Every structure is written in C-alpha cells, then in structure tokens.
Amino acid sequence: MKKALILPLLLLVFASYSEASRLSSVNGFRTKSYKNHSRIIVELDRSVEFTNNRLSKPDRLYFDLKNCMLQKKAVRLMQVDDGILKTVRVAQFDKNTVRLVLESGKTKSFYAFILENPYRLVIDVYDQRNAEPAYNQRNENIVPDLGEIKKIVIDPGHGGDDPGAIGPNGIQEKDIVLSVGKKLGDILTAKYEAEVIFTRNKDIFIPLNERTETANSKKADLFISIHANASPKKDTRGIETYFLNWTDDKEAMKVAARENKISFKKMEKVQGDLQMILQDLKRKNKNEESMKLASSIQNAMVSTLKENYSKIQDLGVKYAWFYVLIGAEMPSILVEISFVSNNEEEKRLAEDAYKDKIAEAIASGINSYITQSTLIVKKMNKGI
Ligand SMILES: [Zn+2]
C-alpha cells in the first residue's frame, strides 16, 4: 500500500522538478546603436523558441520567449533613445514566458535570430523597410559588424630593450610589429567599431606574462599577438600563425624558443613540464576557438597579400608553447607576419603599403572568425 502511494508522489515531485529545470534562464539584455540599426542582445543559457508581434499607440514590437524564466538580477528597462528605439523592457509575462518589449517609432523592419556560444537572442531593428540583415557579409553595402566581440587586445611583441629579431639591414621587429599593431587598431575601431586595448602602444618593454594579464583583467574577447619571424636560413620566408599547444615540431619549437627568449633545450624542458597541465590550459585558452581564429587570420593574410605581392608563402597554422599566450582566458593567437631575416621581406616590412595590407588582412581574418563562429542561426524571424 505504502509503496503505491509514494511512487505517484515521487513522480509528481520529479515531474515538477524537471519542468522547472527545462526553463531557460534569461540573464538580461543589452543594446548597441549602429548607423542604420539598433541591436538588442538577450542573454540566454540555451536556445529558445520565440514569437513576435506588433502593438500600436505607442508603436512597439514585442517578443515572447517560450519556456523562460527571467533572472532576478536582470535589468528590466533601458532607455535607448537612439532615433530608432526609445526604450527596451523585459518582464516575466506569465509562468513560462518572458516578454521583451521594444518601443520604437513607426514601420521599422527587424531581424531576430538565435546565436550560439554563448546562447543569445539578437534583434536588429532598422529605421527603414526591407533592410538587409547586418550580419550578411556577402552584401557589400552592409557595414562590417563584429557582432558580440567587442574588446580586442592587440599585443605588438617585444619593445624597449628587447628589439626582437633584427634584419640584415637593421630593421627591428619591435618597430614593425608596433606599426602593424597600430594600423590594425585603427581599422578595428574605425571600420568594425571594436574596442581595442593595446598591451603597448609605444616603444616600451612589457614582460610576457603581463600582456595576457592585461587581456584577462579587461575581460577581452580576443588576444592578438603580432610578431615578425627570423631564421638563420636567409631564403626562409612566409607567414605563419600560432596558437598554444604542445608540439613535437622542432621548427615550431625554435620559433617559440626565440619568442620566449629561451634556448631550444630549455624550450624542450619547459614543454615537458607544462604537458601535465595541458588539459587545463587548453580549456582556459579556448583551444578550439584559438585554432579557428588562427586559421581565419592565416587564410586572410595569405589571400590578401597574394593579391598584391609575389612569392607569398603560406607556412600554415601551427602550435607551440608561447609564454605570451599561456594564461590567456580568451581565444588567443600569435601571428608571424613575415621574416625580417629575408632580404625581400625585410624590404617589404619597411614599407607602409605592405604593413597596411597586413593590418587589413588581420582585421578581416578576425571578422571572418567571428562571423563563422557566431552565425549558427537556429531560427530567424523577419518582420516589417
Ligand atoms: Zn617576436
């Protein structure tokens, strides 16, 4: 008898528990204003179904997020007043529905879609009818958009007492990479509206570990370390991009040893010691993402430079233990833009036009990484 009573009770408790656990949590929202559209980003912990509708007097759009629970600490109301949106507010509409209300002017078109990694509902509201979605990179009329990735750390290698590699005609790595870093910063800010943080923007020495600490403490989204390569073989040339990982590739280890300012022998030993904590580092460093970022940048570099210069060599994406990447808590890469030890590449590195192209290529590599990694559109609503 007893057993018969307990079982339905247990089932009931279990059923209501699992229903609660099925609710997705809405952690808050933020907004960003662009030239021709406003963006609302709703932070979620998983993908959600949503519907949308329009109300008038005053004109407003609303989105109902199904099976959602609004977190207590979430911001409820935001005054936007950017000419497209007036206010955005969010509330628990009923037990399972969170409603987002956008108060706007008249006849705005919008696109709403779910992005992953992390999950979020993105709503782009336009000030005209039939606007193209901002993320549609194929349409050249659309302003490039780095989407969610806002803070990018640019780390020009070396500096101060540390010149880095020196070319046969005396060109110093520290000067070249600072110049490319600044150009990259200008492009990311002006063209892509990103926030850029420099580990150094003048000729000073910064220890390797402090560079990632800056990125971590500022909660940066990406870390880009810029270097120029060197080889005892004068005819060695080309571009390669690294992310952090264990390697038994001797050439990659030599590059890392030079950048780490330690001997090849010590490099081998360090790597052996660090292998034990590899798994943890891989997780923290977002290894998969770093690899994708590295290949986007490498591909963009090679294709952009090949369009304008002869004998551009693609040395590929590689990995090794670079001190400057250890400890970075965001996708992080190190790009070796060319060889200062090669006569022709040294000459090119001295020219502004070549450095401009490199900076443009790195920026476009960053942009295509972001576009690929975030554009997993689960569901898209379009409305006018
Ligand atoms: Zn370097």
Side-chain angles (χ1 to χ4, degrees), residues 153-185 198-215 222-234 236-245 247 249-264 266-267 270-271 290 293-294 297-298 301 305 313 315-328 332-342 345-346 348-350 354-355 358-359 361-362 365:
V153 169
I154 299 175
D155 173 47
H158 314 276
D161 293 341
D162 172 15
I166 299 174
N169 295 303
I171 203 167
Q172 298 195 348
E173 180 186 355
K174 67 170 184 178
D175 300 323
I176 299 159
V177 297
L178 179 60
S179 158
V180 170
K182 283 181 175 171
K183 288 174 189 291
L184 174 62
F198 287 97
T199 53
R200 70 174 182 101
N201 58 6
K202 47 182 181 268
D203 187 17
I204 48 165
F205 175 76
I206 314 264
L208 293 176
N209 61 320
E210 276 179 28
R211 297 172 186 243
T212 38
E213 275 166 25
T214 302
L222 300 176
F223 181 86
I224 313 288
S225 193
I226 305 170
H227 290 256
N229 225 330
S231 167
K233 294 178 204 143
K234 295 276 172 249
T236 304
R237 58 192 296 151
I239 299 150
E240 55 194 15
T241 310
Y242 283 89
F243 63 99
L244 182 72
N245 207 344
T247 183
D249 174 349
K250 295 263 183 289
E251 288 307 312
M253 279 171 76
K254 277 182 198 162
V255 174
R258 184 177 58 75
E259 297 295 9
N260 294 340
K261 295 181 84 179
I262 58 174
S263 67
F264 180 73
K266 186 151 181 232
M267 191 64 218
V270 164
Q271 178 165 282
S290 299
L293 176 61
I297 289 178
Q298 178 70 17
M301 291 268 292
L305 291 176
Q313 277 211 23
L315 302 176
V317 170
K318 299 177 176 178
Y319 40 86
W321 283 117
F322 286 92
Y323 283 171
V324 73
L325 300 181
I326 294 175
S332 47
I333 62 99
L334 183 147
V335 56
E336 297 278 1
I337 55 175
S338 287
F339 280 77
V340 293
S341 50
N342 177 277
E345 293 201 343
E346 185 194 30
R348 285 179 179 175
L349 286 167
Y354 190 64
K355 286 179 282 195
I358 290 173
I362 299 174

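Position 1 is the first residue of the sequence, and the numbers go up from there. Both ligands and their constituent atoms are indexed starting at 1 by order of listing. The shown structure was predicted, so the numbers you read here are calculated from the model rather than taken from an experiment.
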Discussion item. Taking D203 first and then K174, would you say they form a salt bridge - that is, a charged N and a carboxylate O separated by under 4.0 Å?
Written reply: yes
Could you pull out all donor-acceptor pairs under 3.5 Å where a side-chain atom in residues 223-232 meets a protein atom, sequence neighbours excluded?
{"residue": "S225", "atom": "OG", "partner": "D155", "partner atom": "OD2", "Å": "2.6"}
{"residue": "S225", "atom": "OG", "partner": "H227", "partner atom": "NE2", "Å": "3.1"}
{"residue": "H227", "atom": "ND1", "partner": "H158", "partner atom": "NE2", "Å": "3.2"}
{"residue": "H227", "atom": "ND1", "partner": "E173", "partner atom": "OE2", "Å": "3.2"}
{"residue": "H227", "atom": "ND1", "partner": "E259", "partner atom": "OE1", "Å": "2.9"}
{"residue": "H227", "atom": "ND1", "partner": "E259", "partner atom": "OE2", "Å": "3.2"}
{"residue": "N229", "atom": "OD1", "partner": "R258", "partner atom": "NH2", "Å": "3.1"}
{"residue": "N229", "atom": "ND2", "partner": "E240", "partner atom": "OE2", "Å": "2.8"}
{"residue": "S231", "atom": "OG", "partner": "K233", "partner atom": "N", "Å": "3.1"}
{"residue": "S231", "atom": "OG", "partner": "T236", "partner atom": "OG1", "Å": "3.4"}

Worksheet item: Between S290 and Y319, is any side-chain donor less than 3.5 angstrom from a side-chain acceptor?
Response: no
Fill in: Atoms named by residue and atom, protein N, O or S, within reach of the Zn ion (ligand 1) (under 2.8 Å)
H158 NE2, E173 OE2, H227 ND1, E259 OE1, E259 OE2
Fill in: Test ring-ring contact (aromatic ring centres under 6.0 Å, His included) applied to Y323 - qualifying residues, sequence neighbours left out
none
Discussion item. More than 12 heavy atoms of other residues, nucleotides or ligands under 6.0 Å from NZ of K234: yes or no?
Written reply: yes
Fill in: All side-chain contact (heavy atoms from CB on, under 4.5 Å) counterparts of A361, not counting sequence neighbours
M301, T304
